[in-house]
K.L.:
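Have a look at the structure that comes next, please.
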Amino acid sequence: PPPAPGGTPAADGNIIAELEANGNFTILLQALDAAGLTSQLRGAGTFTLFAPTDTAFTDLGLADVNSLIRD
């Protein structure tokens, strides 16, 4: 899983692979894809991403989440 604050970065530096492997970030992955950030976050670089879990998004309500991803 992605590191907690003060944790260590992903072994291969690929945030997207870490989020996919974890399984608790599907909504965030959809949002990142809709924003066109997936390929950039798969690439080399130093990135910091505050990653809310699916539970955090569902607490907003499905309609609000879908609106955020669309816009």
Side-chain angles (χ1 to χ4, degrees):
T8 58
D12 65 0
N14 184 335
I15 291 174
I16 298 299
E18 291 291 322
L19 294 173
E20 290 171 339
N22 182 285
N24 291 315
F25 297 97
T26 58
I27 297 170
L28 176 62
L29 287 164
Q30 291 172 11
L32 291 171
D33 192 49
L37 296 172
T38 301
S39 61
Q40 181 179 359
L41 292 173
R42 281 193 192 278
T46 302
F47 304 106
T48 298
L49 177 68
F50 295 95
T53 63
D54 290 341
T55 302
F57 280 109
T58 56
D59 286 348
L60 291 174
L62 186 58
D64 289 333
V65 170
N66 287 333
S67 176
L68 289 171
I69 291 174
R70 271 194 323 266
D71 296 339

K.L.:
Ignoring hydrogens, what is the shortest heavy-atom contact between Gln30 and Ile69? Give both atom names and the distance.
P.N.:
OE1-CD1, 3.9 Å
K.L.:
Are Leu19 and Leu41 close enough that some pair of their side-chain heavy atoms sits under 4.5 Å apart?
P.N.:
no
K.L.:
Quick check: closest heavy atoms across Leu29 and Glu20, and the distance to 0.1 Å?
P.N.:
CD1-CG, 3.7 Å
K.L.:
Going by heavy atoms in the side chains, are Asn22 and Thr53 under 4.5 Å from each other?
P.N.:
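With C-beta onward as the side chain, the pair stays apart.
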K.L.:
Which heavy atom of Leu28 sits nearest to which heavy atom of Ala51, and what is that distance?
P.N.:
CD2-CB, 3.5 Å
K.L.:
Tell me which one of Val65, Asn66, Thr55 satisfies side-chain contact (heavy atoms from CB on, under 4.5 Å) with Ile27.
P.N.:
Val65
K.L.:
Does any part of the side chain of Glu18, heavy atoms only, come nearer than 4.5 Å to the side chain of Phe25, both counted from C-beta?
P.N.:
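Side-chain contact under 4.5 Å: no.
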K.L.:
State, with a plain yes or no, whether a side-chain heavy atom of Leu32 is found less than 4.5 Å away from one of Ile15.
P.N.:
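The answer is no; the side chains never approach within 4.5 Å.
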K.L.:
Over all heavy atoms of both residues, which pair between Asn14 and Ile16 is shortest? Give the atoms and the distance, please.
P.N.:
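Looking at all heavy atoms of both residues, the closest pair is OD1-N, 3.0 Å.
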K.L.:
Give, for atom CG of Asp33 and atom OG of Ser39, the distance between the pair rounded to the nearest 0.5 Å.
P.N.:
9.0 Å
